[in-house]
Amino acid sequence: MKVVLFCGGYGLRMRSGVDSAPKPMMTIGDRPVLWHVMRYYAHFGHTEFILCLGYGARSVKDYFLDYRETASNDFVLSKGGRSVELLGSDISDWRITFVDTGLDSEIGERLRRVRQYLGDDEVFLANYGDVLTDAPMDGIVQRFLGTDDVGSMLVVKPRNSFHVVDVDADSKVTGFLPAEDMALRINGGYFVLRQSIFDYLEPGDDLVMHGCVRAAKEGRMAAVPYDGFWAPMDTLKERAMLEDLHAKGTAPWELWRSGR
């Protein structure tokens, strides 16, 4: 099953200058968050990727063209460095299609521009390329295949420190409620889609606010509530948290290490 990843985000809240990498190429440990997302899917056997490139396309291409397996795998070096024998591999069975989908295209339009590369796959996966989870993707896919839905999306509780403030008619504060304690779900960025999603997308559309909204109005968009680990990497604070989990060896999304 092919995986479409949207890799053209500017990452303005984490950029250090005009030459900064696109957000999916911001690193956790020695690897970009995009690689962590791809390894998550590969753990479930999904190793055919379609990268929708935009801002920073060259850095994404160069990273994989110059990929060093030795950075995250054990190996044996001999003959003064002329021979390197890998004891493991990350991406040897991956097939990656790189497609320039425009600098400022909406997500739905990026998806439309890679439709031809989906081939005959009726069902495919999609992700923003910068959000991590330990959700059981195999189970999510199996449940989806038993429906006639156009798509499903992981929906999670908001992960932030904001509080909702209750105010009475006299502008007096009557209470506070952490946003994560509300009966509220947000888009978690992990999609399972049928190619019929293209029937709901017009040129220039956004995937969620146009395509998914139209499908939902017809009762053909499913939610997958998940209360386990889920984390975006939108800010430096969030990146630091993910770095810390990785450094401690307790990163929940690294299912390939835990064997789950």
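- Side-chain contact between Q195 and R115 is present, with at least one heavy-atom pair separated by less than 4.5 Å.
- Ring geometry for F44 versus Y40: interplanar angle over 60°, hence perpendicular rather than tilted (30 to 60°).
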Evaluation steps, side chain to side chain contact (heavy atoms under 4.5 Å, CB included), between E48 and Y117: CA-CA 11 Å; E48 291 190 64; Y117 302 106; over 6 Å; no
After noting the C-alpha distance and the side-chain angles of D90 and R31, does the key distance pass the salt bridge (charged side-chain N to carboxylate O under 4.0 Å, His left out) rule? CA-CA 11 Å; D90 298 326; R31 298 297 193 192; 3.4 Å; yes
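- Between E69 and S89, the shortest heavy-atom contact is OE2-OG, 2.8 Å.
- Using a distance-only test at 3.5 Å, with no hydrogens or angles considered, no donor-acceptor pair links the side chain of D130 to the main chain of K23.
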Output, in order, the C-alpha distance, side-chain angles, deciding distance and verdict of side chain to side chain contact (heavy atoms under 4.5 Å, CB included) for L132 and L242. CA-CA 9 Å; L132 300 166; L242 296 171; 4.0 Å; yes
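- Linking ILVMFWY residues whenever their side-chain heavy atoms come closer than 4.5 Å, directly or via other members, places V164 and L184 in the same cluster.
- Atom CG of L236 is separated from atom CD of E243 by 11.0 Å, given to the nearest 0.5 angstrom.
- Between F124 and F198, the ring planes lie parallel to each other; the angle is under 30°, not in the 30° to 60° tilted range.
- What you find for M209 and D206 is that their closest heavy atoms are N-OD2, 2.9 Å.
- With rounding to the nearest 0.5 Å, the separation of CG in N187 from SG in C212 is 7.5 Å.
- Other residues, nucleotides and ligands place more than 12 heavy atoms under 6.0 Å from the CG atom of D93.
- Taking hydrophobic clusters as Ile, Leu, Val, Met, Phe, Trp and Tyr residues chained together by side-chain heavy-atom distances below 4.5 Å, W256 shares a cluster with L34.
- Just one of V141, V4, L5, I140 meets the side chain to side chain contact (heavy atoms under 4.5 Å, CB included) condition when paired with L125; it is V141.
- Here the closest non-hydrogen pair linking M137 and V192 is SD-CG2, 4.4 Å.
- For D30, the CG atom counts as loosely surrounded, since its 6.0 Å shell holds 12 or fewer non-hydrogen atoms of other residues, nucleotides or ligands.
- The two residues P252 and D134 make their nearest non-hydrogen contact at O-CB, 3.3 Å.
- Contact check for T97 versus V114: no side-chain heavy atoms found under the 4.5 Å cut-off.
- In this structure, Y41 and H46 have perpendicular ring planes: the angle between them is above 60°, well past the 30° mark.
- Side-chain N or O atoms of R110 include one that pairs as donor or acceptor with a backbone N or O of G102 at under 3.5 Å.
- Expressed to the nearest 0.5 Å, how far CG of L201 lies from CD1 of I107 amounts to 11.5 Å.
- In this structure, the side chains of D149 and F144 come closer than 4.5 Å at one or more pairs of heavy atoms.
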Run the numbers on F191 and Y128 for ring-ring contact (aromatic ring centres under 6.0 Å, His included), then give the verdict. CA-CA 9 Å; F191 300 89; Y128 295 128; 5.8 Å; yes
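- V155 has its side chain out of reach of I186: every pair of non-hydrogen atoms, C-beta onward, lies at least 4.5 Å apart.
- Under the 4.0 Å criterion applied to side-chain N and carboxylate O atoms, D227 and R185 are assigned as salt-bridge partners.
- Looking at heavy atoms from C-beta onward, M221 lies out of side-chain contact with Y200 at the 4.5 angstrom threshold.
- Side chain of R194 to backbone of V123: no donor-acceptor contact under 3.5 angstrom is found.
- Annotation: side chain of C7 is not in contact with side chain of C52 (no heavy-atom distance under 4.5 Å).
- At least one donor-acceptor pair closer than 3.5 Å links the side chain of S105 to the backbone N or O of T101.
- Distance OH/Y190 to CH2/W230: 9.5 Å, rounded to 0.5 Å.
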Set out, in order, the CA-CA distance, both residues' side-chain angles and the distance that settles side chain to side chain contact (heavy atoms under 4.5 Å, CB included) for W253 and V33, then state yes or no. CA-CA 11 Å; W253 69 88; V33 63; over 6 Å; no
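- Cluster annotation: L86 and W94 are assigned to distinct hydrophobic clusters (Ile/Leu/Val/Met/Phe/Trp/Tyr, side-chain heavy-atom contacts under 4.5 Å, transitive).
- Of the possible donor and acceptor atoms, one in the side chain of E238 sits under 3.5 Å from a partner among the backbone N and O of D234.
- A side-chain N or O of T27 and one of R239 form a donor-acceptor pair less than 3.5 Å apart.
- Under the 3.5 Å distance criterion, with hydrogens and angles disregarded, no donor-acceptor pair is assigned to the side chains of H210 and E202.
- No hydrogens or angles considered: a donor-acceptor pair under 3.5 Å links the side chains of Y67 and W35.
- Residues L193 and V150 fail the side-chain proximity criterion, which asks for heavy atoms closer than 4.5 Å.
- Considering only heavy atoms from C-beta on, V167 stays 4.5 Å or farther from K172 through its side chain.
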Applying side chain to side chain contact (heavy atoms under 4.5 Å, CB included) to L53 and K61, what does each step give before you reach the verdict? CA-CA 9 Å; L53 305 177; K61 293 177 181 178; 3.6 Å; yes
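- One distance of note links CG of L51 with CG of D100; it measures 12.0 Å at 0.5 Å rounding.
- In plain terms, the two heavy atoms of V60 and P22 that are nearest each other are CG2-CG, 4.1 Å.
- Nearest heavy-atom pair, H43 versus L255, reported as atom, atom and distance to 0.1 Å: CE1-O, 3.4 Å.
- Both M233 and M241 are members of a single hydrophobic cluster when ILVMFWY side chains are connected at heavy-atom separations under 4.5 Å.
- To the nearest 0.5 angstrom, R214 atom CZ is 15.0 Å from R220 atom CZ.
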